[in-house]
Number of protein chains: 2
Amino acid sequence: MKHGATAERILDAAQRLVQSRGFNGFSYADIAEELGLRKASLHYHFESKDVLGRALMARYRERFRAALAAIEGATSDARERLRRYAKLYLSVLRNEDRMCLCGMLAADFTTLARPVRDEVRRFFDDNEAWLARVLETGRKAGRLAFKGPAAAEAVMLVSGLEGAMLVARSTRGARRFEETARRLLASVGA
Amino acid sequence: MKHGATAERILDAAQRLVQSRGFNGFSYADIAEELGLRKASLHYHFESKDVLGRALMARYRERFRAALAAIEGATSDARERLRRYAKLYLSVLRNEDRMCLCGMLAADFTTLARPVRDEVRRFFDDNEAWLARVLETGRKAGRLAFKGPAAAEAVMLVSGLEGAMLVARSTRGARRFEETARRLLASVGA
DNA sequence: GTCTATAAGATGATAGAC
DNA sequence: GTCTATCATCTTATAGAC
């Protein structure tokens with residue numbers, strides 16, 4: 001929990017493992033081997049696996065938040081913002097067929113410690129809130145078209161993208177993901 | 001692998017555990033305790049966890065296949081078929097907040113034995129093929145409206161429904177799932 | 001078919017030397 | 001900060017009695 005360079009490397013390894021194998025699909029031994037350290041050393045940086053999980057999610061949320069801010073800074077067009085948002089997911093999937101960290105933890109949800117669960121919920125809340133704003137603004141500007149509350153549409157987009165990642169991993173296809181993402185965006189007029 | 005009544009009970013317990021905790025989130029001890037048996041006894045019915053996993057998926061695929069056949073027998077209207085298809089997912093989620101067995105195994109995919117992976121792939125293939133037929137038939141009958149190949153639209157529906165289940169479990173809401181499913185179906189005119 | 005007993009290894013975690 | 005040593009517990013799995 002000191003958060004030096006080693007802690008960061010531990011988080012990197014752990015995140016990769018969670019994204020490809022799930023929270024219960026790896027151990028401290030896996031991380032230690034990858035970094036050339038001993039298991040005991042990891043406990044100095046993250047006293048327990050729960051603490052590690054929470055740190056993982058906190059960092060992921062912060063990075064995602066920054067990525068969303070970058071999108072807002074890059075373009076003010078709603079369609080383009082949605083396209084870039086979908087690309088965020090695609091780049092994760094293309095990186096060694098990884099699942100979204102948060103989608104993976106959503107699957108492992110019932111086995112997670114409270115603080116980790118809370119982080120997972122917050123991730124989805126943040127994402128949906130951001131998307132809802134983009135959707136509503138885009139609709140008012142006449143750039144997007146959909147019925148009903150923007151919040152509900154945001155939930156559908158997040159669900160669709162997470163599900164597309166999930167399925168794509170077992171049917172081997174970033175290709176399939178792209179096509180599905182395209183269709184999802186098309187359904188809101190983007 | 002003898003498949004008597006006990007084997008069936010083991011599968012029931014194992015399926016429930018996988019659907020709520022993931023394939024790496026439970027052990028033979030959990031099943032044994034639930035059934036009032038000893039761990040060793042389970043190995044008589046399913047020699048290894050991999051074999052158990054495969055049996056689990058085989059049964060699930062068969063049941064799903066039967067459920068799809070039942071839908072076809074109940075109505076010939078494409079919209080109604082899609083509605084019932086979505087209800088299949090909803091009933092799983094409503095049952096103790098479970099995830100689709102196959103969606104959960106898609107998350108655990110990289111940790112699964114080959115035969116289990118193959119079953120997972122087949123599940124998605126079967127589902128998408130069935131949906132594509134319903135979609136195409138419905139479009140020709142003027143009951144559904146969507147652009148592009150029915151197969152691509154089928155992938156989107158499966159992805160959307162699986163993702164909606166995944167997210168709903170962490171944000172506690174069969175309610176949310178229903179709303180999302182409704183919107184997904186609406187996007188194909190149902 | 002189910003049990004006891006047992007194995008061999010993994011797992012998350014701690015104490016204390018360096 | 002990282003190490004060795006050690007821990008209690010869990011995990012999948014097998015052998016053999018009943």
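Convention: sequence-line order gives letters A, B, ...; per-chain numbering from 1. FYI, side chains are in, hydrogens and waters are out, and symmetry mates aren't considered; it's all heavy atoms of this structure.
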Starting the side chain at C-beta, find the nucleotide from D:dT12, D:dC3, C:dC3 nearest to A:Leu37. D:dC3

With sequence neighbours left out, the residues meeting ring pair (Phe, Tyr, Trp, His ring centres under 6.0 Å) with A:Phe64 are A:Tyr60, A:Phe123

Atom CG of A:Asp50 and atom P of C:dT11 are separated, to the nearest Å, by 16 Å

D:dT11 OP1/OP2 closer than 4.0 Å to side-chain N/O of B:Ser27: yes

Output the rounded distance in Å from CG (A:Leu17) to P (C:dT11). 11 Å

Side-chain donor/acceptor pairs under 3.5 Å, residues 154-165 of chain B, sequence neighbours excluded:
{"residue": "B:Ser159", "atom": "OG", "partner": "B:Val155", "partner atom": "O", "Å": "2.9"}

If I take atom NZ in residue A:Lys49 and atom C1' in nucleotide C:dT14, what distance separates them, rounded to the nearest angstrom? 18 Å

B:Phe26 CZ to C:dT11 C1', in whole Å, measures 18 Å

Give a yes/no answer on whether the side chain of B:Tyr44 brings an N or O atom under 4.0 Å of OP1 or OP2 in C:dG1. yes

When the distance from NE2 of A:His43 to P of C:dT11 is rounded to whole Å, what number comes out? 12 Å

Any residue meeting side chain to side chain contact (heavy atoms under 4.5 Å, CB included) with B:Ala113, in chain and number order, not counting sequence neighbours: B:Asp50, B:Pro115, B:Val116

N/O contacts under 3.5 Å, protein versus nucleotides 4-6 of chain C?
{"residue": "C:dT4", "atom": "OP2", "partner": "B:Arg38", "partner atom": "NE", "Å": "3.3"}

Between B:Thr6 and C:dT2, is there a contact of a side-chain N or O with OP1 or OP2 at under 4.0 Å? yes

Step-by-step side-chain hydrogen bond (donor to acceptor under 3.5 Å, both in side chains) determination, A:Ser20 to A:Asp97: CA-CA 7 Å; A:Ser20 78; A:Asp97 250 35; over 6 Å; no

I need the A:Glu119 CD to A:Arg54 CZ distance, nearest 0.5 Å. 6.0 Å

Who passes ring pair (Phe, Tyr, Trp, His ring centres under 6.0 Å) against A:Phe124, sequence neighbours left out? none

Qualifying side-chain hydrogen bond (donor to acceptor under 3.5 Å, both in side chains) pairs, either residue in residues 180-190 of chain B, two or more places apart: A:Glu153-B:Arg183, B:Glu179-B:Arg182, B:Glu179-B:Arg183

When the distance from CG of B:Asn24 to P of C:dT11 is rounded to whole Å, what number comes out? 10 Å

Between CD of A:Glu47 and C1' of C:dA15 the distance, given in whole Å, is 16 Å

Would you kindly give the OH-to-C1' distance between A:Tyr28 and D:dC7, to the nearest whole Å? 17 Å

